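Here is the structure we will look at, set down as structure tokens.
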Amino acid sequence: MKRIGMLTSGGDCQALNTAMRGVAKTLFNAKEQVEIYGFLNGYQGLIYGKFRLLTGADFAGILTKGGTFLGSSRTPFKTIREPGPDGIDKVAAMKQTYYKLQLDCLVILGGNGTHKTANLLREEGLNIVTLPKTIDNDLWGTDMTFGFQSAVNVATECIDYIHTTAASHGRVFIVEVMGHKAGWLTLNAGMAGGADIILIPEIPYDINKVAKKIKERHESGSRFTILAVAEGAISKEDAALSKKEYKKKLANRKYPSVSYEIAAQLQELGGGEVRVTVPGHTQRGGSPCPYDRVFASRLGSEAAKLILKGEYGFMVGYKNREIVKVPLADVAGKLKMVDPDASIVKEAKMLGISFGD
Ligand code: F6P
């Protein structure tokens with residue numbers, strides 16, 4: 001008999017349910033008897049002992065459902081060693097829940113912050129297997145995370161919608177894309193949606209070059225321009241600031257986000273009417289796309305395989321088109337960013353897309 005705990009932590013995304021179903025179905029199909037305990041609302045459920053025994057019925061009909069049926073929450077890693085508002089020692093509490101339930105392993109689905117805590121629990125002696133979740137695709141150790149392709153679909157669709165109205169009115173449109181500090185989502189959705197300008201955090205922009213590109217387009221007869229701007233996009237000027245100075249500047253910024261600042265600057269530079277569209281959390285919502293359904297199912301199934309073999313301390317990732325196991329110790333605390341010299345960036349430039357650099 002194996003007793004497994006399962007939790008989803010951090011921002012949700014499409015295919016979390018799909019991945020958990022993949023783990024459960026594979027475990028339930030194995031010869032060994034298995035009990036799966038689901039912790040509610042991420043690490044909070046583990047800290048406060050909020051869980052329930054899951055059955056086959058919990059995993060039925062969820063292949064295509066977005067969100068997470070266990071609920072999720074953010075428990076920032078930097079606060080994990082600090083006592084909670086009720087004075088609770090979070091790490092000790094999580095260990096206590098694990099040992100009380102006599103778990104053999106915890107399956108943790110999450111992104112960067114989640115992986116730091118997962119690795120800490122591993123260091124504390126718990127058996128952990130993780131799955132790479134995030135629309136940002138910025139998790140180190142895997143070429144792809146689940147949720148990413150679905151979010152690319154949503155953001156692309158948004159750019160597609162904007163295209164028709166931008167063309168009718170001859171406007172400059174900015175679509176602000178999520179992705180936290182990484183540009184994967186913007187780069188992919190921008191290329192898929194035919195954006196003329198793509199601004200990502202890894203390639204700081206010069207606003208004059210952005211304005212020049214728009215001017216050139218208009219002079220060559222294009223009536224409209226679409227910019228895909230990452231929420232973490234940064235100007236060359238701001239990129240030269242120290243972390244502290246930049247934080248201070250952000251705190252005093254009079255615009256709700258970088259896109260509105262860029263819109264105001266472009267208007268000042270004579271870019272004409274500039275509109276901003278922010279699809280925001282819609283990028284994390286709805287059903288997982290077919291790619292993510294297959295991908296998350298495969299990852300989940302491979303995680304179950306590791307558990308059945310008793311191989312713990314790994315994230316199940318994807319490298320060079322193969323499902324691989326990556327030591328958690330290697331994953332935790334690292335980000336995977338877009339390489340400005342990557343071939344996809346070069347190809348985008350050859351297609352005429354400006355990165356404002
Ligand atoms: O990490 C996923 C993500 O959607 C980021 O792209 C975004 O910056 C952040 O989460 C938004 O967080 P929240 O849901 O807490 O507003």
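These numbers were taken from a predicted model, which means no experiment stands behind them. Counting starts at 1 for both ligands and their atoms, in listed order.
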Any atoms of ligand 1 less than 4.0 Å from a non-hydrogen atom of H281? List them with their elements.
-> 13 (P), 14 (O), 16 (O)
Sequence neighbours excluded - salt bridge (Lys or Arg N to Asp or Glu O under 4.0 Å) pairs with any residue from residues 114-123 | none
Ligand 1 atoms nearer than 4.0 angstrom to some heavy atom of G179 are 6 (O)
for atom 1 (O) of ligand 1, nearest protein heavy atom and its distance come out as D136 OD2, 2.7 Å
Between F77 and H115, does the ring centroid distance fall short of 6.0 Å?
-> no
Taking only heavy atoms of E231 into account, list the atoms of ligand 1 that are under 4.0 Å away from them.
-> 5 (C), 6 (O), 7 (C), 8 (O)
Does a donor on one side chain sit under 3.5 Å from an acceptor on the other, for T79 and E82?
-> no
Given the options T8, L106, L70, F39 meets side chain to side chain contact (heavy atoms under 4.5 Å, CB included) only with L106
Please report which non-hydrogen protein atom sits nearest to atom 4 (O) of ligand 1, along with the residue it belongs to and the distance in Å to one decimal place.
-> R284 NH1, 2.9 Å
So is R74 in contact with ligand 1, going by heavy-atom distances below 4.0 Å?
-> yes
Between T142, N137, D136, D138, which is the residue that forms a side-chain hydrogen bond (donor to acceptor under 3.5 Å, both in side chains) with K336?
-> N137
Is it the side chain (CB and beyond), the backbone, both or neither of L185 that lies under 4.0 Å from ligand 1, heavy atoms counted?
-> neither
Using a 4.0 Å heavy-atom cut-off, say whether Q283 meets ligand 1 through its side chain, its backbone, both or neither.
-> neither
Side-chain hydrophobic cluster, 4.5 Å single linkage: members besides I262 | V172, I174, I197, L199, Y205, I207, V210, I214, L227, V229, Y255, V258, Y260, L266, L269, V274, V276, V278
